[in-house]
Amino acid sequence: MAAGALSLATLTGLALAAPAHAATPTASARPTASSTPAAAPTPSPTATPWPVGAALQARVAQDGGVLTLPATDGLRDRTSIRILAAAGGRVDLDAVRGTRTVHLAARVALKKVQQGWARTIAVGDADLTAGTWRLRAERSDAKGVRAWGSTAVRVGSGVPVHVLVRPASRTLYPYRDGVLDAAAVAVVGQDETGTAVPVSGTVRIDAGRKHLTRTLSKAGTATLPVTALPIGPAVLTTTVTGPAGKPAVRRTALTLAPTAVGALRVARSSDTVEPVRDGLLDSVVLTTSGAASGGSPAKVSGTLTIARGRTVAARFAVPDGKPHAFTWNGRVGGTLTAGGTVVPGTWTVTLALHGPQGAVRTRTTTLLVSTSHLPYAVRTLFTVADGDQQGLAVHDDRFYVGYDVGGGMSRIDVYDPTGLRIASLGPLPIPHVAELAYSTTTGMLYAATGGAQTPTEVFVIDPNDPQWTAQPQTDPAAAITRRFDYTATLGNNAMVSVDDADGRLLIFSGASGAYSISSATLTDSTTVDDAGDPTVPAGTITATRPISIRGVPQGMDLVGGQLWVYTSLKSTNLVEKYDVDPSALFTASASSEGVLYWGGEGEGMATVQDPDTGDGLPAWIWVGAHSPVKGGPNLLGELVPVTDAD
């Protein structure tokens, strides 16, 4: 169908019926009045068809039919009207508004199009006033055969009735740093039709006794630098005129703010300091950061003070807003990391920063200095089966204890909290079973090989496999669901712990003096390759770093945010602690005196995470050991801090 054309069926519904007295023409005479024919008239083959009752339509072309006064300024002064009909002939076009009628075109001949007849008429606004005009098409030779247009022509006055003033920001900073130190203003005018009209004029900022004026660009924008204006409230006055009408004035409130400190933060590595040299909360690290207001790159600086009443324990200079870490040993006097007097109680940490303008801004937090934490002891002892006890894991009130049964085989016994053995699995093809760990993510038990001559492997064991309680056990190894082989990459002497929070295994390995910790993926990646296999399988090594310990490695687990390594040295057992994070794996040792008050060779460490264990530690910590008495039983016990009562 040609553009703008309508079929006869479509147009018929828009037409007005011919008058009742309309006649049917013949070939020899003009029509005379008669009654309405009973059937559609059949014109003579030699006569020109008379377009009585033919459908008409008038509609505005695609420009929307909006005109804007005044008529001679070149802004939306003309539009196009499309006349459509089902038969040829001539038509008149009028614009009607209330009782007023303006003749737009007379006796316009329609032209044949693909379907029907049509004509496009250009219309100007010279004879139209502001308002909405209805269109009316009428047959020139058959007055009364007419149709109202499907759309109307709207004529705007050209007066900017609506003036939209849009500053990019209502808060500005006069400090000269290139950040919000100039007002970027955009002004848009609209007439009563909601159509944009061009505006010209000025914008002015008044602040105190000073002011600044700029002329709007042709695009209706202006930039006003405020660096010479005083801080405080300001008014943006916009005065514009449109194609017609009087000037319009709009006022907008602004704020000229000082470039001071917009953000500042002081973070604590712990809310408690226990200044005893036992490796747990011996000191606290305070990290400061800050920035100028409004996103300014201006420098901020100040001080970090730790005080209690009038007593100042430490004061640090904060050179700028970049992150800075300051360490305090929880003592008054001495150095910041050693010596001094322990003064228990709540201390206030105050970060005070200032920017190039404005007052000092502060942020405070508190630190509790406590003397309750001392080295550890082992309580709640109970005995387990004889044999070469090794790894330990705890989950759901079940204690999984590993034994080396010789010949490269192991056994895992299960105990309840009273020391009653309730299940056992073995023999298993796991050499030495040096350490065990349980994952709450996978619901699986992880067993690591150990011993200076045993290559590193990690076995995944299903703790719910029927073989644990089968009588007799036909295939204990059926409970092993996967095996991660690191014999070619990590050497010997393995231990394992699970970091469920970061979705990884932490694997200890190496020879004396050259130990390391490796991070391995806990689960298969969700992405797969073309063969349908995970692109990163579980057990994939992602990082390895060296680690230094004292003594022989015996057990390992996560305690809060630290990796604790349980070791034996001569006739005592030690705990080495390392801060752990997802990216750096671990940092330098945080322990130097983690001595346990029991003897016997240490065997395995396991934790049960709990936010409040009642003993100052972030978890229930269990360790295993051979009896300190030669020939005595194997033991399990809870690791707790020693108090003054001990």
Side-chain angles (χ1 to χ4, degrees), residues 157-192 196-265 289-303 318-321 350-364:
S157 65
V159 177
V161 176
H162 308 289
V163 179
L164 309 178
V165 181
R166 297 169 177 166
S169 175
R170 294 178 183 268
T171 301
L172 303 170
Y173 299 86
Y175 182 74
R176 191 185 300 273
D177 58 4
V179 177
L180 294 177
D181 52 14
V185 183
V187 181
V188 177
Q190 296 177 340
D191 63 13
E192 67 275 14
V197 295
V199 294
S200 61
T202 61
V203 287
R204 167 174 168 154
I205 295 179
D206 289 278
R209 296 182 178 181
K210 292 187 176 182
H211 68 270
L212 181 68
T213 303
R214 289 291 186 270
T215 300
L216 287 173
S217 69
K218 291 183 179 180
T221 61
T223 300
L224 299 85
V226 298
T227 52
L229 299 180
I231 292 172
V235 176
L236 174 69
T237 302
T238 303
T239 305
V240 296
T241 57
K246 297 180 180 180
V249 179
R250 300 291 186 270
R251 291 180 174 84
T252 307
L254 300 177
T255 300
L256 304 183
T259 299
V261 177
L264 71 166
R265 183 172 181 266
S289 61
S293 55
S296 170
K299 180 180 179 180
V300 298
S301 60
T303 58
V318 181
D320 51 49
T350 303
L351 173 63
L353 297 180
H354 61 84
Q357 299 173 309
V360 173
R361 188 177 179 188
T362 62
R363 180 63 56 86
T364 63

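Since the structure is predicted, the reported quantities are computational estimates derived from the model, not experimental observations.
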Whether R361 side chain and G262 backbone form a donor-acceptor pair below 3.5 Å: yes
S217 side chain to A219 backbone, donor-acceptor under 3.5 Å: yes
pair [X]-[Y]: side-chain heavy atoms closer than 4.5 Å:
{"X": "D181", "Y": "P225", "answer": "no"}
{"X": "V199", "Y": "V163", "answer": "no"}
{"X": "P160", "Y": "Q190", "answer": "no"}
{"X": "Y173", "Y": "S296", "answer": "no"}
{"X": "T171", "Y": "L180", "answer": "no"}

For [X] and [Y], which heavy atoms make the closest approach, and how far apart are they?
{"X": "A183", "Y": "V226", "result": "N-CG1, 4.4 Å"}
{"X": "S157", "Y": "D191", "result": "N-OD2, 4.3 Å"}
{"X": "L351", "Y": "S289", "result": "CD2-O, 4.1 Å"}
{"X": "G355", "Y": "V261", "result": "N-CG2, 3.7 Å"}
{"X": "P356", "Y": "Y175", "result": "CB-CE1, 3.6 Å"}
{"X": "V300", "Y": "A292", "result": "CG1-N, 3.8 Å"}

Between [atom1] on residue [X] and [atom2] on residue [Y], distance to nearest 0.5 Å:
{"X": "L216", "Y": "T221", "atom1": "CG", "atom2": "OG1", "value": "7.5 Å"}
{"X": "L236", "Y": "R251", "atom1": "CG", "atom2": "CZ", "value": "10.5 Å"}
{"X": "L224", "Y": "T202", "atom1": "CG", "atom2": "OG1", "value": "9.5 Å"}
{"X": "T238", "Y": "I205", "atom1": "OG1", "atom2": "CD1", "value": "9.5 Å"}
{"X": "R250", "Y": "T239", "atom1": "CZ", "atom2": "OG1", "value": "10.0 Å"}
{"X": "L229", "Y": "D206", "atom1": "CG", "atom2": "CG", "value": "9.0 Å"}

Within 6.0 Å of CZ in R214, more than 12 heavy atoms from elsewhere: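 Counting neighbours around CZ of R214, more than 12 heavy atoms of other residues, nucleotides or ligands fall under 6.0 Å, so yes.
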